[in-house]
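To start, the structure itself, in structure tokens.
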Amino acid sequence: MTERVAHNQWSSRLVFMLASIGSAVGLGNIWKFPYITGEYGGGAFVLVYLVCIALIGIPVMMAEILLGRCARANPVVAFRSLVESKSRVWGGVGLMGVFAGFVILSFYSVVAGWALAYVVDALSGAFDGLDGKRSGALFSSLTGSPQRLLFWHTAFMLLTVAVVARGVRSGLERLVTLLMPLLFVLLALLVGYAMVAGEFARGFHYLFDIDFPRVFLQCSDDGACTFTAKPLLVAMGHAFFTLSLGMGAIMVYGSYMPRGASIAGSTVVIVIADTLVALMAGLAIFPLVFANGLEPGSGPGLVFVSLPIAFGAMPGGQLAGVLFFLLLVFAAWSSSISLMEPGVAWLSGNGGLSRVRATLILGGAAWLLGIGAALSFNLWSGEDYQFFGRTWFDLEDFLASNVLLPLGGLFTALFVGWVARRRSSENELAMRDSRLFGLWHFVIRYVAPAGIVLVFLNAIEVV
Ligand code: PHE
């Protein structure tokens, strides 16, 4: 069999997995998971998120990897090349993914910029002896300043563009191999600290006690309660977001995966690693939130307000703080690279642009869009700058995470379950147990699509 040399390939399955873990583990785990869990009331939300990961995330990730590796092409072409009719409709799914990645990148870069700013703050000793109030003030002084936000947003976007322009292989492999394990160790230490210094039991119960009414009932002042499906939609959207699914990132990485490596096995490892990091972040943060009188539902600043208090109080905290935010930047970096990769692979593979030019165009456009996200915390935070009842930042996040990614996942499942030949999937997955394959095929054909559609139908009123 001849392999097209022009298409990049990872040097081994391990590198594929590390890169995919690099893509999956990022701000989604450490920044977004704790703050939306706090916003939607804890345990029951976490449970729904875990169910979405298991029932939708795992099968869809396998589908994405197999599609990418089968076609050995970027998502737009992958969808097109695997249908006999050469229908353009499926290419549109790939394009939607490119668009979703671009929207996410624009606000992702702003939040990654916060982490960059916090590296400098930690270095300068700004966390020393912080209490809840002063930590909140430190964060507000950052988000209140358009200049600082734009500066760090620009810096992070440049970092991303610099790696993507050089090509995935040379840029990414070494970086990720080295730093992901380190982040893991540091998070474990933080959980340990939260056990000693925080209200650990309370944080633990908050994350894992299942209280459906608290999450799914919306009560007005006169005591009348109604069901709300919004937490359902957000939990499902986050399952896609955190696993980098529904927009082609894992698909492109899969297209660089060596043949013969197990797709199911890799998927399980990636998903477990990603979920562990999120839960550990939650276990590190909520005990500190409660111990310091912070509000779990206080929004996007949660991590940036709670952890510095810990760094300011623990022995060696200055070093730990610098390291933590630095590693968070690296985790975000390896994710933002994968946010760009589908678009760049497509523009440079089929759009006829050079890789560098494709990267500059996409990065530049995402940078522009991100300005709106940065201003959402200051100049554009008021009533006059609401878009569909949300700030620009919230609108981007909502549209991409809760609409575009699940839609992309839905079409991927439908494509693999109904359009692609069952035989090709079976060959590509090459699972030893044919019953396990049968189970996966059933889930990708019926369960995952039905689950996504049901959540969408329930959540219509949210939009
Ligand atoms: N999974 C990444 C995170 O959790 C974000 C991401 C989403 C990356 C979609 C690529 C594609 O931070």
Side-chain angles (χ1 to χ4, degrees), residues 24-50 52-53 104 107-115 117-118 132 135-136 138-140 142-143 149 187 190-191 194 198 202-204 206-208 214-215 230-243 274-275 277-310 324-325 328-329 331-332 335 373-374 376-377 381 390-402 405 462:
V25 174
L27 297 172
N29 308 62
I30 293 168
W31 160 71
K32 197 173 170 191
F33 170 74
Y35 109 70
I36 57 177
T37 297
E39 229 160 45
Y40 291 99
F45 178 85
V46 176
L47 178 71
V48 175
Y49 153 80
L50 291 175
C52 290
I53 295 269
I104 296 177
F107 70 84
Y108 205 83
S109 166
V110 172
V111 179
W114 300 350
Y118 265 48
S135 187
L138 185 69
F139 181 67
S140 308
L142 171 64
T143 52
L149 290 191
L187 260 182
L190 277 172
V191 175
R202 202 161 150 212
F204 188 90
Y206 186 80
L207 270 178
F208 297 117
R214 187 171 72 204
V215 173
K230 188 162 185 210
L232 212 59
L233 181 69
V234 175
M236 178 176 79
H238 187 62
F240 282 97
F241 186 93
T242 190
L243 294 176
D274 186 78
T275 309
V277 172
L279 294 179
M280 276 164 56
L283 283 177
I285 287 163
F286 283 107
L288 294 169
V289 165
F290 292 124
N292 291 288
L294 303 174
E295 193 45 59
S298 60
L302 193 66
V303 180
F304 292 90
V305 176
S306 58
L307 290 186
I309 303 175
F324 177 82
F325 285 107
L328 186 57
V329 169
S335 301
S376 301
F377 295 91
S381 62
R390 297 176 166 87
T391 62
W392 184 252
F393 180 93
D394 285 337
L395 179 72
E396 285 198 303
D397 184 20
F398 182 83
L399 174 74
S401 316
N402 302 343
L405 296 186
V462 173

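Note that the structure is predicted; figures quoted are calculated from it, not measured.
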### Query
Would D397 and R390 count as a salt bridge (charged side-chain N to carboxylate O under 4.0 Å, His left out) if you check the C-alpha gap in whole Å, the side-chain angles of each, and the deciding distance to 0.1 Å?
CA-CA 10 Å; D397 184 20; R390 297 176 166 87; over 6 Å; no
### Message
Check whether T275 reaches the backbone of L50 with its side chain - one donor and one acceptor, N or O, closer than 3.5 Å.
### Response
no
### Task
Name the orientation class of the two ring planes belonging to H238 and F241 (parallel below 30°, tilted from 30 to 60°, perpendicular beyond 60°).
parallel
### Message
Could you go through K230 and Y40, starting from their C-alpha distance and side-chain angles, then the distance that decides it, and tell me whether this counts as side chain to side chain contact (heavy atoms under 4.5 Å, CB included)?
### Response
CA-CA 9 Å; K230 188 162 185 210; Y40 291 99; 3.4 Å; yes
### Query
Backbone N or O of L302 within a donor-acceptor pair of the S306 side chain at under 3.5 Å?
yes
### Task
Could you tell me whether the side chain of S298 and the main chain of L294 form a donor-acceptor pair under 3.5 Å?
no
### Task
Check whether any side-chain heavy atom of T391 sits under 4.5 Å from a side-chain heavy atom of F377, and report yes or no.
no
### Query
Can you name the closest pair of heavy atoms from L328 and A115 and give their distance?
CD2-CB, 4.0 Å
## Note on the structure
Of all heavy-atom pairs linking F393 and S376, the shortest is N-OG, 3.0 Å
### Task
Please examine the side chains of F398 and V234, heavy atoms only from C-beta on, and report whether any two atoms are closer than 4.5 Å.
no
### Contact check, side chains of L207 and L279, non-hydrogen atoms, under 4.5 Å
no
### Query
Going through the checks in order, is the side-chain hydrogen bond (donor to acceptor under 3.5 Å, both in side chains) test met by S401 and K32?
CA-CA 11 Å; S401 316; K32 197 173 170 191; 3.2 Å; yes
### Query
For the atom pair CG (L190) and CZ (F324), what is the distance rounded to the nearest 0.5 Å?
6.0 Å
### Query
Does the side chain of C52 reach to within under 4.5 Å of the side chain of F240, using non-hydrogen atoms?
no
### Message
If you take the centroid of each ring, where Trp contributes its six-membered ring, are Y49 and F45 closer together than 6.0 Å?
### Response
no
### Task
Identify the heavy atoms of A374 and L149 that sit nearest to each other, and give their distance.
O-CD1, 3.3 Å
### Side chains of V215 and V48 in contact at under 4.5 Å (non-hydrogen atoms)
no
### Summary
Taking every heavy atom of E39 against every heavy atom of G299, the minimum-distance pair comes out as OE2-CA, 3.5 Å
### Query
Nearest heavy-atom pair of A332 and L27: which atoms, and what distance?
CB-CG, 3.7 Å
### Query
Would you say the ring centroid of Y118 lies under 6.0 angstrom from that of W114?
no
### Message
I want to check something: taking the side chain as every heavy atom from C-beta on, are F325 and F304 in contact at a cut-off of under 4.5 Å?
### Response
yes
#### Entry: Sub-4.5 Å side-chain heavy-atom contact between Y206 and V46
no
### Over all atoms of both residues, closest heavy-atom pair of G203 and F286
CA-CB, 3.9 Å
### Query
Looking only at atom types and distance, does a side-chain atom of N29 sit under 3.5 Å from a main-chain N or O of G26, one as donor and one as acceptor?
yes
### Task
May I ask you to decide if P300's main-chain N or O and W31's side chain share a donor-acceptor pair within less than 3.5 Å?
yes
### Query
Going by heavy atoms in the side chains, are I285 and Y35 under 4.5 Å from each other?
no
